[in-house]
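So the structure is just underneath, and the comments pick up after that.
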Amino acid sequence: MKFVHALQNVNPGIDIFRISRAIIHNTRLESSRSDTLATLKNSPNAFWRFAFGAKNAIRYLTQIILYFLIINPGIVSLIYPMQETPIIKIENLEKKFKVKNREIYALRDINLAIGKGDIFGIIGKSGAGKSTLVRCINMLERPTAGSVYFEGRDLCQLSQAELRKARRSMGMIFQQFNLLMQRTALKNVCFPLELAGIEASQAKKRACELLELVGLENRMESYPSQLSGGQKQRVAIARALATNPAVLLCDEATSALDPATTDSILGLIKDINARFGITAVVITHEMSVIDKICSHVAIISKGVIVEQGLVEDVFFYPKTLAAKSLVLPEALQKLPQENLYRLIFNGRSSYEPVISNMVLHCGCPVNIMYADTRDINGMAVGQMVLALPEAPQSRQRILDYARANSIILEKMSND
């Protein structure tokens, strides 16, 4: 920072970051060039008088700034923050199948960007195309068109040998575990290491470490038939981690498990993400799974991504019917919508008597049709569906109160 301080000593009014940004982008400075150069020329410091002559001022200033950037490249992030390249990027992907004499689209015009270290959820109802999408990500299904970039490389353009190598950086866990029944838990985890040509002793050491990581250090010699559903999935997770993947693909990994076991498996995936920075792509049809561990979500319906964004944004403000159907129970969506309003609680208002205060202030009763609370990224959020009074004046008083107190109260509709 010596250079910054030197410039500011010459002229305290100089904004070094604005000057640097202007030079990098080849744009004009807002301040007068002549004023800045005059100040620098009149400095008693001989260096500045030499370096910033009227004729060559901009050229020398550019050289000194670039020299400073070379010495301390970290300053670039302060001047012009760079966005990290997504670890997975899907562009214009489509997948169609031929059935007799016609073609059926399973996926159409899919565009997604998954950041490194994210837990990214892809949610949709049965038959929406989510499992086909995850199989296209690791090329178990070849897309009909489009591109799938993994760590900057288009998987669609790789040779079979290159693709096999890239797949080692993608672990996958399945709904039905897909364990080898004739192998113990230890040997199931060793299996991908054997295929990769790892020495047997090293493979066994790695498998033991992973089984200890997932809490099965006492069941290494057990066969799948001797394990519970949750234990089988833990073996599957350990196997998926065997080759040190950068990405973990989870295809309905908790759908066959009871609620308590589901929570423990989701907690394990979240812990692995936090400890090792492994990106997780979670495929599910349950919004509760997305709420618990995902940072971002994409909603797929009939082979098309209809909505995507931060989990809390999709929960608070679902824009499409597909999103609304996942946030709200189906029975509520069939009720008459005329006087139904959705009240949303954020982390702050979850602990305030919002309904009581509103009813007492407005003097109007409301009917609570539905309520639930969720934990999204460690923040308590909730929602209620209220039937407001039929009288327009009473209903308007409640809406005015909500607006004045920054309460999210939105009219429900089937649009």
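FYI, the numbering just counts along the sequence from 1. Here the structure is a predicted model, which is why all the values come from computation and not from measurement.
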Checklist entry - Hey, is the main chain of Leu186 close enough, under 3.5 Å, to the side chain of Glu221 for a donor-acceptor pair? => result no
Please check: side-chain N/O of Ser325 versus main-chain N/O of Ala322, any donor-acceptor pairing under 3.5 Å?
yes
Closest non-hydrogen atoms of Val235 and Ala185, given as atom of the first, atom of the second and distance, are CG2-CB, 3.8 Å
For residues 241-256, the salt bridge (charged side-chain N to carboxylate O under 4.0 Å, His left out) pairs (sequence neighbours left out) are Lys130-Glu252
Any Arg142 side-chain heavy atom under 4.5 Å of Met139 side chain:
yes
_Evaluate Asp118 against Thr279 for side chain to side chain donor-acceptor pair (under 3.5 Å), listing each step before the verdict._
CA-CA 5 Å; Asp118 280 351; Thr279 304; over 6 Å; no
Looking only at heavy atoms, the pair that brings Asn273 and Gly117 closest together is ND2-O, 3.0 Å
So, the side chain of Asn111 versus the backbone of Asn92: is there a donor-acceptor pair under 3.5 Å, distance only? yes
Close side-chain approach of Ile114 and Pro86, heavy atoms under 4.5 Å: no
The complete set of side chain to side chain donor-acceptor pair (under 3.5 Å) pairs with one or both residues in residues 232-248, sequence neighbours excluded, reads Arg206-Asn244
Item to check | side-chain contact (heavy atoms from CB on, under 4.5 Å) between Met287 and Asp291, worked out | outcome: CA-CA 6 Å; Met287 192 65 187; Asp291 293 343; 3.7 Å; yes
Note: Cys136 and Leu93 closest approach over all heavy atoms is CB-CD1, 4.2 Å
Keeping Arg219 on the side-chain end and Gln226 on the backbone end, is there a donor-acceptor pair under 3.5 Å? yes
>> Can a side-chain donor-acceptor contact be found between Asn339 and Tyr341 if the only test is distance below 3.5 angstrom?
In response: no
Q.
Less than 4.5 Å apart, side chain to side chain, heavy atoms only: is that true for Leu112 and Ile122?
A. yes
Between the CD atom in Gln175 and the CD1 atom in Ile283, the distance rounded to the nearest 0.5 Å is 12.5 Å
_For the backbone of Ala260 and the side chain of Asp258, can you confirm whether one donor and one acceptor N or O come within less than 3.5 Å of each other?_
yes
Closest non-hydrogen contact found for Pro318 with Arg342 is CD-NH1, 3.7 Å
With sequence neighbours left out, the residues meeting side chain to side chain contact (heavy atoms under 4.5 Å, CB included) with Asp271 are Arg275
| Heavy-atom side-chain contact between Val366 and Leu388 under 4.5 Å | yes
Is there a donor-acceptor contact under 3.5 Å from the side chain of Arg168 to the main chain of Ala196? no
Here the salt bridge (charged side-chain N to carboxylate O under 4.0 Å, His left out) pairs for residues 95-109, sequence neighbours left out, are Lys95-Glu141, Lys96-Glu103
- Under 3.5 Å donor-acceptor, Gln231 side chain and Ser228 backbone: yes
Notebook entry, point to check: Would Thr320 and Glu307 count as a side chain to side chain donor-acceptor pair (under 3.5 Å) if you check the C-alpha gap in whole Å, the side-chain angles of each, and the deciding distance to 0.1 Å?
Noted result: CA-CA 7 Å; Thr320 61; Glu307 197 165 338; 2.9 Å; yes
Worksheet item: Taking the side chain as C-beta and beyond, is there a heavy-atom pair between Pro245 and Met170 under 4.5 Å?
Response: no
Check your understanding: Quick one: does Leu326's side chain get under 4.5 Å of Ile123's, heavy atoms only?
Key -> yes
So salt bridge (charged side-chain N to carboxylate O under 4.0 Å, His left out) across residues 175-204, not counting sequence neighbours, yields Arg183-Glu194
Check: Any side-chain heavy atom of Cys250 within less than 4.5 Å of one from Ile269?
Finding: yes
So OG of Ser288 and CD1 of Ile293: to nearest 0.5 Å the spacing works out to 10.5 Å
Heavy-atom closest pair (Ile110 atom, Gly303 atom, distance to 0.1 Å) is CD1-O, 3.5 Å
Give a yes or no on whether the backbone of Leu257 and the side-chain of Thr254 come within a donor-acceptor separation of less than 3.5 Å.
no
> So Lys302 and Tyr105, side-chain contact (heavy atoms from CB on, under 4.5 Å) or not? Walk me through it.
Replying inline: CA-CA 9 Å; Lys302 299 179 181 179; Tyr105 280 89; over 6 Å; no
query: Distance-only, no hydrogens or angles: does the Asn405 side chain make a donor-acceptor pair with backbone N or O of Tyr401 under 3.5 Å?
result: yes
Residues Leu213, Leu241; criterion side-chain contact (heavy atoms from CB on, under 4.5 Å); working and verdict: CA-CA 10 Å; Leu213 172 68; Leu241 296 174; 4.0 Å; yes
Steps toward side-chain contact (heavy atoms from CB on, under 4.5 Å) verdict (Ile265, Ile237)
CA-CA 9 Å; Ile265 294 297; Ile237 291 172; 4.0 Å; yes
So NZ of Lys292 and CD1 of Ile119: to nearest 0.5 Å the spacing works out to 13.5 Å
On a heavy-atom basis, the closest approach of Phe97 and Ala106 is CE1-CB, 3.5 Å
Is there a side-chain contact between Tyr317 and Ile408 (heavy atoms, below 4.5 Å)? yes
Residues passing the side chain to side chain donor-acceptor pair (under 3.5 Å) test with Arg153, sequence neighbours excluded, are none
Note to self: For Gly146, is there any backbone N or O sitting under 3.5 Å from a side-chain donor or acceptor partner on Glu91?
What the structure shows: no
